[in-house]
Student: 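Please read through the structure below; I'll follow up with questions.
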Amino acid sequence: MTTIESLAGVPEAAEISRLANELFPDLTESIYGVPGSSNFHSTQNAVPVSSWGQATAPAVPESSVGQVTPPAVPEASQPSNAVPTGYGSVETVIPSMSATDYAYPGTVVSPVVPDFGANETGIPGYSVPEVNATENNFDWEHPFAYGGASSEPWLESVQSPTAVDSTYLPGTGDIPVASKETTSYAPVVMSQTEAKQNGRKIDAPTSLGGDAVNKKKETPKVYTSRDESIRIGSKTLAQIRSDFPILSEQINGNRLVWLDNGATTQRPKAVIDRLSYYYEHENSNVHRGAHTLAARSTDAYENARDIVRDFIGAPTSEEIIFVRGTTEGINLVANAYVKPLLEPGDEIIVSILEHHANIVPWQLVAQETGAVIKVIPCDESGQLILHEYEKLFTKKTKFVAVTHVSNVLGTVTPVAELTAIAHRHGVRILIDGAQSVAHIPVSVSALDVDFFVFSGHKIFAPTGIGVVYGKKELLESARPYHGGGNMIADVTFERTIYNPIPNKFEAGTGSIADAVGLGAALKYLSEIGMPCVYRWEHELLQYALKEMKTVKGLHLIGTALNKASVLSFSLAGYSDEEVGKRLDSYGIAVRTGHHCAQPVLRRFGYEGSVRPTLALYNSFDDVDALVKVLKTFA
């Protein structure tokens, strides 16, 4: 019988694999689609303790394999807000397994890898584009970003087909990659001289103010360089940039270089058009109207909830709560779920890396209840120290709240390990995904996190909208955070009966149009393919780090091996504000200041920094423009 593995590289392989899965559903545990195709399968008994998008060491430290307790389903007799008894059991263990047991690159403990073609599993059904990898094509042939134990991020090793061959270890045998003669996975990284020789335009404006350019009347082309041919999933970089109207803006006579994505991202035309359509054809309050527009508005709103569910891999839509953003989401969890559990002396664990939004709510709750906050330290590179984290747990520990990606250092925290350790101690955990969800494929089901929060405006969606994911049993046990209309089933002056989740936490009229806009943004990203987005941003980050190290007096802040698209730095002899203003005179937008994360900056001896942050639509030319201006300070 011809195996799926033997068909890799054959153009019809993905379709054959899809048909095989439809015709022989009972064989899905042993059938593996072509990596990156819509029907990629993994072993069905893999351990669900890792996360997507963590280019980190193994999901569970190797020393813990055989000792970590897997999540258990709460017993019927347990209260709905109780931590499952299985979490704390020392008798239940994960058997040791070899690397070849996993459909995964490197020696890692694998999560349940999503079946991209089966949304009924609750895992996102991303439309991953067909693989056609070349040096200028960032279609990614494997939908995950992991590294082996104590190794560089997995993507760092993907420099050639040989590296892919040696690290890709499917569960039932190797799946061949494309021909070594025709495929190169090397990033496009070149010197300034090489760039000029290859026809790339890298010159920055000739004057800081760009006065001469200001006199020009014509509208500049959004993008003209060799980079426009780079393919990211289903689109070229030029197509992606043209999807964002604001990138054609001129700032001080120069093209806009938007490197302030950590604060907010820009919006594609698809989102702008969806908002316009909503207000022109669907505008109404939701849920309670009997008329046509109410039905249209409700359908659009709830469809957006379904899109969010699929995008982050939540089991059900009722576990998706719409809020104003990450800050409100964390406050909701702190007050609705955690606060009622606390007694004087109880402990909440956060990390040194946190944004103020994941510090202050816990301080307020601690002040009201007598609880204590403990802090996970980080090493000199900015990565959390896991063995110190484990030492923080006691019988009084009630909750953990940690960021997925630091908004100052760019550190990708080992969320899978953090979650597994918390659950082993019988403790629930919240992950702040504000800085990760637009850059890294995320599956809350694979992570097994209890709560996950993020903001729309950092993922190409409108401001004023965000999401709280919470496990169903936890949301059902939590008390309402706000009271008012929509969240009630019946009210008398003696008592109130609340609506089921998610409505229980959506009092009043929410940001309906913005929720619809969020759905459009996530749909836009899914069509490109989040694994492809991550691959491109990783290549861009590595290029930026290399080029920025050539700037005299520049000191990078945050050098963790596993790092996302944040490039915080200080420049010797100049204030952050001076650097930011000069960059702005060239049309380059960055963030300066403390970034609402003072504790971690002070950990490294700073009160602020200059923070360029990358996103999907950024380019090598954007990095070149940044570096060239920075060199004018020397």
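Heads up: numbering here begins at 1 and tracks the sequence.
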Student: Which of parallel (below 30°), tilted (30 to 60°) and perpendicular (above 60°) describes Y277 and H281?
Tutor: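 Geometry flag for H281 against Y277: tilted rings.
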Student: Within a strict 4.5 Å, meaning less than it, do heavy atoms of the I320 and V467 side chains meet?
Tutor: yes
Student: Please determine whether a side-chain nitrogen of the Lys or Arg among D306 and R309 lies less than 4.0 Å from a carboxylate oxygen of the Asp or Glu.
Tutor: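 Between R309 and D306 there is a salt bridge, with a charged N closer than 4.0 Å to a carboxylate O.
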Student: Take H287 and N486, measure what side chain to side chain donor-acceptor pair (under 3.5 Å) needs, and give me the verdict at the end.
Tutor: CA-CA 8 Å; H287 296 145; N486 190 54; 3.2 Å; yes
Student: Would Y617 and N261 count as a side chain to side chain donor-acceptor pair (under 3.5 Å) if you check the C-alpha gap in whole Å, the side-chain angles of each, and the deciding distance to 0.1 Å?
Tutor: CA-CA 10 Å; Y617 39 61; N261 298 288; 2.5 Å; yes
Student: F451 and Y337: ring-ring contact (aromatic ring centres under 6.0 Å, His included), yes or no, with the steps?
Tutor: CA-CA 10 Å; F451 297 95; Y337 178 75; 5.3 Å; yes
Student: Check this for me, if you would: do K374 and E347 make a salt bridge, where the nitrogen-to-carboxylate-oxygen distance has to be below 4.0 angstrom?
Tutor: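 Result for this pair is yes, salt bridge flagged.
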Student: Taking side chain as C-beta onward, heavy atoms only, is F244 less than 4.5 Å from L247?
Tutor: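 Yes, side chains in contact.
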Student: For A270, does its backbone N or O pair with a side-chain atom of D273 as donor and acceptor, under 3.5 Å?
Tutor: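 Absent.
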Student: About how many Å separate CD1 of I376 and CG of L386, when rounded to the nearest 0.5 Å?
Tutor: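 It is 8.5 Å, given to the nearest 0.5 Å.
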Student: Could you work out, with salt bridge (Lys or Arg N to Asp or Glu O under 4.0 Å) as the rule, every residue matching E328, not counting sequence neighbours?
Tutor: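 So E328 forms a salt bridge (Lys or Arg N to Asp or Glu O under 4.0 Å) with R324.
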Student: I'd like to know if the side chain of T298 reaches the main chain of A295, judged simply by a donor and an acceptor atom lying under 3.5 Å from each other, with no hydrogens or angles considered.
Tutor: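 Looks like no, no N/O pair under 3.5 Å.
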Student: Passes side-chain contact (heavy atoms from CB on, under 4.5 Å), S406 versus Q435? Steps please.
Tutor: CA-CA 7 Å; S406 165; Q435 295 292 339; over 6 Å; no
Student: Do H425 and E390 get their side chains close enough for a donor-acceptor pair, meaning under 3.5 Å?
Tutor: yes
Student: Show, in sequence, the C-alpha distance, side-chain angles and deciding distance for S297 and E282, and conclude whether the side chain to side chain donor-acceptor pair (under 3.5 Å) test is met.
Tutor: CA-CA 5 Å; S297 183; E282 300 166 326; over 6 Å; no
Student: Determine whether L259 and L614 satisfy the following criterion, side-chain contact (heavy atoms from CB on, under 4.5 Å), listing intermediate values before the conclusion.
Tutor: CA-CA 6 Å; L259 295 174; L614 303 168; 3.8 Å; yes
Student: Less than 4.5 Å apart, any side-chain heavy atom of V600 and any of L409?
Tutor: yes
Student: Do Y481 and V468 have side chains that get closer than 4.5 Å, going by heavy atoms?
Tutor: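 Of all side-chain heavy-atom pairs linking V468 with Y481, none is under 4.5 Å.
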Student: Any luck finding a side-chain donor-acceptor pair between T326 and S455 under 3.5 Å?
Tutor: yes
Student: Grab the two heavy atoms, one from N335 and one from R479, that are nearest each other, plus how far apart they are.
Tutor: O-NE, 3.2 Å
Student: Whether the R305 and S317 side chains hold a donor-acceptor pair (N or O, under 3.5 Å, no angle test) is what I'd like checked.
Tutor: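 Short answer, no.
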Student: Looking at M530, is its backbone amide N or carbonyl O close enough to the side chain of R535 to form a donor-acceptor pair, meaning the two atoms are under 3.5 Å apart?
Tutor: no
Student: Is the number of heavy atoms from other residues, nucleotides or ligands within 6.0 Å of NZ (K472) greater than 12?
Tutor: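 No, NZ of K472 has 12 or fewer neighbouring heavy atoms, counting only those of other groups under 6.0 Å.
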Student: With a 3.5 Å distance limit and no angle check, can you tell me whether H423 reaches the backbone of G426 through a side-chain donor-acceptor pair?
Tutor: no
Student: Would you please classify the geometry between the F399 ring and the W362 ring as parallel, tilted or perpendicular, with 30° and 60° separating the classes?
Tutor: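 Plane angle between 30° and 60°, so tilted.
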Student: Backbone N or O of T316 within a donor-acceptor pair of the E319 side chain at under 3.5 Å?
Tutor: yes
Student: Indicate the ring-plane relationship of Y301 and F322, choosing parallel, tilted or perpendicular according to the 30° and 60° boundaries.
Tutor: tilted
Student: I'd like to check Q383 versus P414 (side-chain heavy atoms, cut-off strictly below 4.5 Å). Are they in contact?
Tutor: yes
Student: Answer whether the closest heavy-atom distance between the side chains of Y469 and I431 falls below 4.5 Å.
Tutor: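 No, their side chains stay 4.5 Å or more apart.
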Student: Can you say whether the rings of H356 and H594 are parallel (under 30°), tilted (30 to 60°) or perpendicular (over 60°)?
Tutor: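 Ring orientation, 0 to 90° scale: tilted.
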Student: Taking D346 for its side chain and E343 for its backbone only, find out whether a donor-acceptor pair lies under 3.5 Å.
Tutor: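 Confirmed, D346 side chain pairs with E343 backbone.
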Student: Give a yes or no on whether the backbone of C378 and the side-chain of R603 come within a donor-acceptor separation of less than 3.5 Å.
Tutor: yes
Student: For residues V400 and V350, determine if any side-chain heavy atom of one lies less than 4.5 Å from a side-chain heavy atom of the other.
Tutor: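 Not in contact.
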Student: Just by distance, no angles: are the side chains of H355 and T403 close enough, under 3.5 Å, to form a donor-acceptor pair?
Tutor: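 Side chains of H355 and T403: no pair found under 3.5 Å.
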Student: To the nearest 0.5 angstrom, please state how far the CG atom of N358 sits from the CG atom of L430.
Tutor: 6.0 Å
Student: Does a side-chain heavy-atom distance below 4.5 Å link T413 with L353?
Tutor: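 Yes. Closest side-chain heavy atoms under 4.5 Å.
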Student: Kindly say whether N618 contributes a backbone atom to a donor-acceptor pair with the side chain of W536 at under 3.5 angstrom?
Tutor: yes
Student: Taking S568 for the side chain and V408 for the main chain, is one N or O donor matched with an acceptor at less than 3.5 Å?
Tutor: yes
Student: With no hydrogens and no angle check, just 3.5 Å: does a side-chain donor-acceptor pair link H457 and T264?
Tutor: yes
Student: Closer than 4.0 angstrom, basic N to acidic O: yes or no for E476 and K504?
Tutor: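 Not counted as a salt bridge, because no side-chain N and carboxylate O are separated by less than 4.0 Å.
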Student: Using distance only, find each side-chain donor-acceptor pair of residues 514-525 under 3.5 Å and give its atom names and separation, not counting sequence neighbours.
Tutor:
{"from": "Y524", "atom 1": "OH", "to": "D243", "atom 2": "OD2", "distance (Å)": "2.8"}

Student: Quick one: does any side-chain atom of K458 pair with a main-chain N or O of A263 as donor and acceptor, under 3.5 Å?
Tutor: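 Yes.
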Student: Under the criterion side-chain contact (heavy atoms from CB on, under 4.5 Å), which of T411, V442, D432, L418 is the partner of H404?
Tutor: V442
